[in-house]
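Inspection log for the structure reproduced underneath, given as structure tokens.
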Amino acid sequence: MNRDFAAPAARPTGPIRNTSVLLSPTPRGARLARLLATEQLRAWGLPLDRAPHVVAELAANAATHGRVPGRDFRLTLYVVGGTLRIEVCDTRGDRAPALRDPAGAAESGRGLVLVDALADRWGAVPGPPPRKTVWAEIDLAPHPARPCHAGDGPSRGARR
């Protein structure tokens, strides 16, 4: 029996790394998300300039706006090729994230502004009800307008 086989799809060069953890939707769970992500990125040898801040903001949003008593949120980190993808899945699919212009003296409302500034791409997708996933991607290869240096703090400069 003869079979025609399609050429294999292009595969990423290098390892595909991932980790996922369930956390309580509390300020403590959000803090733990940032700490766990920082340690995982350090173990993978990845830069720590932007990703921990993005994780902190997405996890804080899940603990604040995505909180449902008794239901955890999930933090997932993927590295495929030269991209780090951060996903935070919570159980408030009815509350889509929205980028807004925070009022001058407001004490909150800047989380997604920071995610927008630090991530190369971000968005949200509905999951199986009642979930949603808010994701952000960070290009790990240095971008000409946005060099990536571990330990130097957030890079300043043009995006994309």
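Atoms considered below: every heavy atom in the structure, side chains included; atoms not considered: hydrogens, waters and symmetry mates.
- Nearest approach of Val54 to Ala119, heavy atoms of both residues: CG2-N, 4.4 Å.
- Residues passing the side chain to side chain donor-acceptor pair (under 3.5 Å) test with Arg85 are Glu87, Glu137, sequence neighbours excluded.
- A pairwise comparison of heavy atoms in Pro27 and Ala63 identifies N-CB, 4.4 Å as the closest pair.
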Side chain to side chain contact (heavy atoms under 4.5 Å, CB included) for Leu41 and Leu84? Distances and angles first, verdict last. CA-CA 10 Å; Leu41 295 170; Leu84 168 65; 3.9 Å; yes
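- Pairing each heavy atom of Ala59 with each of Val88, the nearest pair is N-CG2, 4.3 Å.
- In this structure, the separation between OG1 on Thr83 and CG on Leu140 is 6.5 Å, given to the nearest 0.5 Å.
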Go through it in stages, so that I can follow the logic: the residues are Arg50 and Asp120, the test is side chain to side chain contact (heavy atoms under 4.5 Å, CB included), and I'd like the CA-CA distance, side-chain angles, deciding distance and then a yes or no. CA-CA 10 Å; Arg50 298 184 282 157; Asp120 293 297; 3.5 Å; yes
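- If you chain together hydrophobic residues whose side chains sit under 4.5 Å apart, Trp44 and Leu48 fall into the same group.
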Distance-only donor-acceptor pairs under 3.5 Å for side chains of residues 128-135, two or more places apart:
unit_1 : atom_1 : unit_2 : atom_2 : d
Lys132 : NZ     : Asp90  : OD1    : 2.8
Lys132 : NZ     : Asp90  : OD2    : 3.0
Lys132 : NZ     : Arg92  : O      : 2.9
Lys132 : NZ     : Arg95  : O      : 3.0

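- Legend: residues meeting side chain to side chain donor-acceptor pair (under 3.5 Å) with Ser20, ordered by chain and number and at least two apart, are Arg74, Thr76.
- Under a hydrophobic clustering in which Ile, Leu, Val, Met, Phe, Trp and Tyr are joined whenever their side-chain heavy atoms come within less than 4.5 Å, directly or via other members, Leu35 and Leu118 fall into different clusters.
- Cluster partners of Leu22: none. The rule joins Ile, Leu, Val, Met, Phe, Trp and Tyr whenever side-chain heavy atoms lie under 4.5 Å apart, and it links nothing here.
- When the side chain to side chain donor-acceptor pair (under 3.5 Å) test is applied to Ser24, the partners found at least two apart in sequence or on another chain are Thr26.
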Please test Asp139 against Arg121 for side chain to side chain contact (heavy atoms under 4.5 Å, CB included), starting from the C-alpha separation and ending with a verdict. CA-CA 9 Å; Asp139 296 331; Arg121 291 163 299 284; 2.7 Å; yes
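- Sorted by first and then second residue, the salt bridge (Lys or Arg N to Asp or Glu O under 4.0 Å) pairs with a member in residues 19-46 read Glu39-Arg42; sequence neighbours excluded.
- Arg67 meets the side chain to side chain donor-acceptor pair (under 3.5 Å) test with no other residue; sequence neighbours excluded.
- Residues near Leu114 contribute nothing to a hydrophobic cluster around it, because no ILVMFWY side-chain heavy atom sits closer than 4.5 Å to its side chain.
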Given the rule in the side chain to side chain contact (heavy atoms under 4.5 Å, CB included) test, do Leu75 and Val55 qualify, once you have shown the distances and angles that lead to the verdict? CA-CA 8 Å; Leu75 168 68; Val55 169; 4.1 Å; yes
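- Asp72 and Thr91 get closest at one heavy-atom pair: O-CG2, 4.2 Å.
- Every residue meeting the side chain to side chain contact (heavy atoms under 4.5 Å, CB included) condition with Leu32, not counting sequence neighbours, appears here in chain and number order: Leu23, Leu36.
- Note that the CG atom of Asn18 and the CG atom of Leu77 stand 9.0 Å from one another [nearest 0.5 Å].
- Taken to the nearest 0.5 Å, the CZ atom of Phe73 stands 9.5 Å off from the CG atom of Leu58.
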